[in-house]
Amino acid sequence: MTIDGRLFYVKRDDLTDPRYSGNKLRKLSALLTLSPKRYTTIVSYGGAQSNAMLSIAYLAQAKGWDFHYYCKMLPSWLRSRPTGNLAAALALGMQLHEVQTQRFYPLVSDVARACGEDALFIPQGGADPIAEEGIATLAREIRAWKDETKLPRLTVATPSGTGTTALYLRKNLPPDIDVVTVPVVGDAEVLRAQWRELEPDMSAYPSVLDRRGKWPFAKPNRAYYAIWQRLGKAGVEFDLIYAPKTWLELLDAYENLTQPILYIHSGGVSGNVSQLENYRHKGMLDG
């Protein structure tokens, strides 16, 4: 696709499986082949409209596992009328546990420690070494495409929440493929700290683009909405939380990046319904 006269390739990982959102399928792929008897319960935590939450809900339903999910207290309107990913996950049987903000992380730590052998705890966003297996498969697909197209070099770009996808892509791709990412939760230093937790001994981490700086996660932003609309007019629907900042950073840095650029579409479009409601509430939608 072409944006502002600049050529990009897009790997449509969002189309791989309608149940598991893009990179969440990669992160969970090691669990898909497990016997349903291996666990009885799966436990995770995060935001009330998390893409990972919905993907785990699909996994738990397929395996017949109980799924307990912890989040901070919901606004009353969302509790009474769930929408988006939350509504879908609840319909799949997810058991939601709301926790006061000040108690949230201590309680999550206690829950993680209490999980026995029949319960699997998945950190927020799937930031766990178990994710590497599926992301290594993604890396092999990228290498195969590069070889087929006879490209001498390539830049792979992906948004980062926890940064797990970018981290394991860098680990599993050769040096002639650059990996760049954009922090959407926190900033570059927070992202690097999360990488060190997963892989403290890596010789090189992905490059970070963060010229525009930190923006509160999922807070409506007119520039984000504008680029999201332009991307849609160019032919592809992206998510409205992670993709906009990433595309703006890529356009800013385009001339300084190794060409061509391959953007990994990591899914998350199911969350657009609830995010558009946020924009509408703020009066930022056209028409």
Side-chain angles (χ1 to χ4, degrees), residues 8-14 16 20-30 51-52 122-149 151-212 214 238-239 242-243 245-268:
F8 292 88
Y9 292 95
V10 179
K11 189 177 193 312
R12 297 297 304 273
D13 247 26
D14 61 311
T16 306
Y20 305 103
S21 181
N23 65 344
K24 305 305 183 293
L25 174 65
R26 305 295 186 171
K27 293 178 180 180
L28 297 174
S29 66
N51 297 319
I122 298 180
Q124 183 172 12
D128 189 275
I130 201 170
E132 182 174 1
E133 179 179 319
I135 296 170
T137 301
L138 172 60
R140 288 193 293 273
E141 293 170 8
I142 293 169
R143 291 201 308 268
W145 177 76
K146 177 178 176 293
D147 292 343
E148 289 168 8
T149 52
L151 294 170
R153 291 192 62 85
L154 177 67
T155 293
V156 172
T158 185
S160 276
T162 64
T164 306
T165 299
L167 174 71
Y168 288 131
L169 279 176
R170 176 65 285 161
K171 183 178 178 182
N172 288 277
L173 286 172
D176 61 352
I177 298 179
D178 296 337
V179 177
V180 300
T181 193
V182 174
V184 181
V185 181
D187 56 19
E189 287 308 310
V190 169
L191 191 56
R192 293 186 181 102
Q194 291 177 134
W195 288 337
R196 288 191 291 270
E197 287 290 320
L198 287 174
E199 291 285 342
D201 299 324
M202 274 186 67
S203 59
Y205 292 110
S207 299
V208 179
L209 303 178
D210 196 23
R211 189 183 74 85
R212 291 173 176 260
K214 184 177 178 180
F238 292 88
D239 79 277
Y242 291 91
K245 182 185 177 185
T246 305
W247 278 100
L248 289 171
E249 292 283 358
L250 288 173
L251 290 169
D252 288 345
Y254 187 86
E255 305 302 332
N256 297 320
L257 298 174
T258 299
Q259 306 296 322
I261 299 170
L262 174 66
Y263 183 96
I264 308 301
H265 191 324
S266 53

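Since the model is a prediction, treat every value here as computed from it, not as a measurement.
The side chain to side chain donor-acceptor pair (under 3.5 Å) check on K171 picks up E132, E199, with sequence neighbours excluded. When the salt bridge (Lys or Arg N to Asp or Glu O under 4.0 Å) test is applied to R12, the partners found at least two apart in sequence or on another chain are D14. Partners of D239 by side chain to side chain donor-acceptor pair (under 3.5 Å), not counting sequence neighbours: none found. With sequence neighbours excluded, no residue forms a side chain to side chain donor-acceptor pair (under 3.5 Å) with D128. Listed by chain and residue number, K146 satisfy the side chain to side chain donor-acceptor pair (under 3.5 Å) test with D176 (two or more places apart in sequence, or in another chain).
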request  = Check the pair D187, K214 against salt bridge (Lys or Arg N to Asp or Glu O under 4.0 Å), reporting the backbone distance first and the verdict last.
outcome  = CA-CA 6 Å; D187 56 19; K214 184 177 178 180; 5.8 Å; no

Which donor-acceptor pairs under 3.5 Å do the side chains of residues 191-198 make with protein atoms, sequence neighbours left out?
residue: R192; atom: NH1; partner: E189; partner atom: OE2; Å: 3.1
residue: Q194; atom: NE2; partner: T162; partner atom: O; Å: 3.2
residue: W195; atom: NE1; partner: G163; partner atom: O; Å: 2.9

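Shown are F238, Y242, Y254; of these, the ring-ring contact (aromatic ring centres under 6.0 Å, His included) with Y263 is made only by F238. Exactly one residue among I135, D13, T181 makes a side-chain contact (heavy atoms from CB on, under 4.5 Å) with T158. That residue is T181.
R26 and S29 form no side-chain donor-acceptor contact under 3.5 Å, judged by distance and modelled atom types alone.
Nearest heavy atom pair, residue P159 against residue T246, reads CB-OG1, 3.3 Å. The heavy-atom pair separating T164 from A131 by the smallest distance is CG2-CB, 3.8 Å. The two atoms that bring K24 and G125 nearest to each other are CE-O, 4.4 Å, heavy atoms only. The two atoms that bring P260 and R153 nearest to each other are CD-O, 3.6 Å, heavy atoms only. Of all non-hydrogen atoms in H265 and V10, the two that sit nearest each other are CB-CG1, 3.9 Å. In terms of heavy atoms, P183 sits closest to V208 at CD-CG1, 3.6 Å.
To the nearest 0.5 angstrom, I122 atom CD1 is 10.5 Å from K27 atom NZ. Going from atom CD1 of I142 over to atom NZ of K11 covers 6.5 Å, rounded to the nearest 0.5 Å. Going from atom CD1 of I261 over to atom OG1 of T155 covers 5.5 Å, rounded to the nearest 0.5 Å. With values rounded to the nearest 0.5 angstrom, L138 atom CG is found 13.0 Å from E133 atom CD. Atom CG of L209 sits about 10.5 Å away from atom OG of S160, to the nearest 0.5 Å. Between the OG1 atom in T16 and the CG atom in L25 there is a gap of 6.0 Å [rounded to 0.5 Å].
Annotation: side chain of Y205 is not in contact with side chain of V179 (no heavy-atom distance under 4.5 Å). Taking the side chain as every heavy atom from C-beta outward, L167 and M202 approach each other to under 4.5 Å. A heavy-atom distance below 4.5 Å is found between the side chains of V156 and L169. Residues N51 and Y20 form no side-chain contact, since every pair of their non-hydrogen atoms from C-beta on lies 4.5 Å or further apart. Here the side chains of Y9 and L154 are not in contact, with every heavy-atom distance at 4.5 Å or above.
Checking side-chain atoms of Q259 against main-chain N and O of L257 turns up a donor-acceptor pair under 3.5 Å.
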